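Read the numbers this way: they start at 1 and go in the same order the structure lists the ligands and their atoms. The shown structure was predicted, so the numbers you read here are calculated from the model rather than taken from an experiment.
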Amino acid sequence: MGLVELAADLKAKKKQGITGNSLKGKNIALIFEKPSTRTRCSFTIGCIDEGGHPEYLGQDDIQLGHKESIKDTARVLGRMFDGIEFRGFKHSSVEALAQYSGVPVWNGLTDDYHPTQILADLLTMKEQFGQLKGLKFVYAGDGRNNMANSLMIGMTKMGIDFVILAPKSLWPKEELVSLCEGYAKESGCSVTVTDDVNKVEGADVIYTDVWCSMGEEDKAAERVAILKPYQVNEEMLKKTGKDRTIVMHCLPAVKGNEITEDVFEKYADVIFDEAENRMHTIKAVMVATLGE
Ligand code: CP
Ligand code: NVA
């Protein structure tokens with residue numbers, strides 16, 4: 001069973017009041033250098049639902065990267081915990097934890113990637129459309145942030161036509177686009193990076209994310225200036241030429257920037273399903289990689 005199917009199964013069981021035991025006796029470290037609502041709560045509840053014990057380790061709680069190298073912290077935590085989630089800045093930190101801890105390490109977001117979010121997005125799309133292959137997915141906004149990067153990987157692996165609408169200065173790295181072109185070729189879809197907003201035509205999903213990611217707050221004025229034409233609003237929705245298009249957002253949202261309040265509220269049911277699905281999919285990741 002794939003992760004999305006496993007998550008759907010765990011979700012259905014949870015709705016019937018059935019939780020599992022597959023993480024019984026497992027201790028899971030949750031390292032957060034950056035704040036989080038959804039990811040933190042999803043790992044915590046997903047772990048407890050399956051009988052495990054989560055331990056939150058915030059920025060000021062441990063020495064990670066300040067007084068102790070990540071390599072040493074990884075070797076300590078790996079002797080005490082059965083799995084480690086990491087949310088933080090440098091992608092190299094999560095790689096180092098994985099390299100030196102000897103236990104499963106899950107990326108809860110770095111400056112470059114946000115892979116667990118993509119699983120929730122895929123589950124939500126499956127619920128909305130019944131199938132994934134052949135859909136057209138358009139991401140509008142900061143085309144080189146962690147969400148754009150991970151969405152491009154996830155969608156092209158699943159055979160979903162993927163488009164980034166962004167100004168040229170915010171396009172993703174060429175190497176990543178080439179990698180995803182390879183995935184697209186294998187799965188039978190396409191990947192397009194463009195600054196032409198009209199390419200939203202035919203979109204089944206329009207997706208957006210904040211214009212300034214965590215740690216980039218000083219860029220607010222310049223981002224608003226260049227990203228305004230890429231705001232998800234009624235005008236953009238009309239350009240799809242479809243009446244079954246859905247709008248998604250990983251949250252948290254800055255309404256009035258990347259998405260208008262009215263469009264956000266129109267698609268609130270989908271967006272909050274997506275938020276709930278973080279928990280079911282993160283639970284699935286832990287169960288699949290650590291569960292008994
Ligand atoms: N979407 C997401 O990762 O939300 P949090 O930052 O609240 O975890
Ligand atoms: N790009 C956003 C995603 C938040 C879930 C950030 O990194 O802040």
### Top protein contact for atom 4 (O) of ligand 1, by heavy-atom distance
Arg38 NE, 2.8 Å

### Task
Give the ring-plane orientation class for Phe264 versus Phe272, where under 30° counts as parallel, over 60° as perpendicular and anything between as tilted.
perpendicular

### Query
What are the two closest non-hydrogen atoms of Ala284 and Leu6, and how far apart are they?
O-CD2, 3.6 Å

### Task
Could you tell me whether Asp142 and Arg144 make a salt bridge, using a distance below 4.0 angstrom between a side-chain N and a carboxylate O?
yes

### Query
Ion pair present between Lys14 and Glu276, side-chain N to carboxylate O less than 4.0 angstrom?
no

### Message
Between ligand 1 and Leu251, can you find any atom pair, the residue atom being a heavy atom, that is separated by under 4.0 Å?
### Response
yes

### Query
Are any of the side-chain nitrogens in Lys13 or Asp49 under 4.0 Å away from the carboxylate oxygens of its partner?
no

### Query
Nearest to atom 2 (C) of ligand 1, what protein heavy atom do you find, and at what distance?
Arg278 NH1, 3.2 Å

### Task
Go through ligand 1 atom by atom and flag the ones less than 4.0 Å from a non-hydrogen atom of His114.
2 (C), 3 (O)

### Task
Give a yes or no on this: more than 12 heavy atoms of other residues, nucleotides or ligands lie within 6.0 Å of atom CG of Asp269.
no

### Summary
Less than 4.0 Å from some atom of ligand 2, heavy atoms are found in residues Leu109, His114, Asn145, Asn146, Asp209, Val210, Ser213, Met214, Leu251

### Query
Does Glu234 pair with Lys266 as a salt bridge, N-O distance under 4.0 Å?
yes

### Task
Identify, by atom number and element, the atoms of ligand 1 in contact range of Cys250, meaning under 4.0 Å from any of its heavy atoms.
1 (N)

### Close N or O approach (Arg40, ligand 1; < 3.5 Å)
no

### Message
So for atom CD, which belongs to Glu235, do other residues, nucleotides or ligands contribute more than 12 heavy atoms lying within a distance under 6.0 Å?
### Response
no

### Message
Counting non-hydrogen protein atoms only, what is the nearest one to atom 7 (O) of ligand 1? Give residue, atom name and distance.
### Response
Thr37 N, 2.7 Å

### Among Ile259, Leu237, Leu165, Val263, the one residue meeting side-chain contact (heavy atoms from CB on, under 4.5 Å) with Ile206
Leu237

### Query
Is it the case that more than 12 heavy atoms not belonging to Lys133 sit under 6.0 Å from its NZ atom?
yes

### Task
Note the single closest protein heavy atom to atom 6 (O) of ligand 1, along with its residue, its atom name and the distance in Å.
Arg87 NH1, 2.8 Å

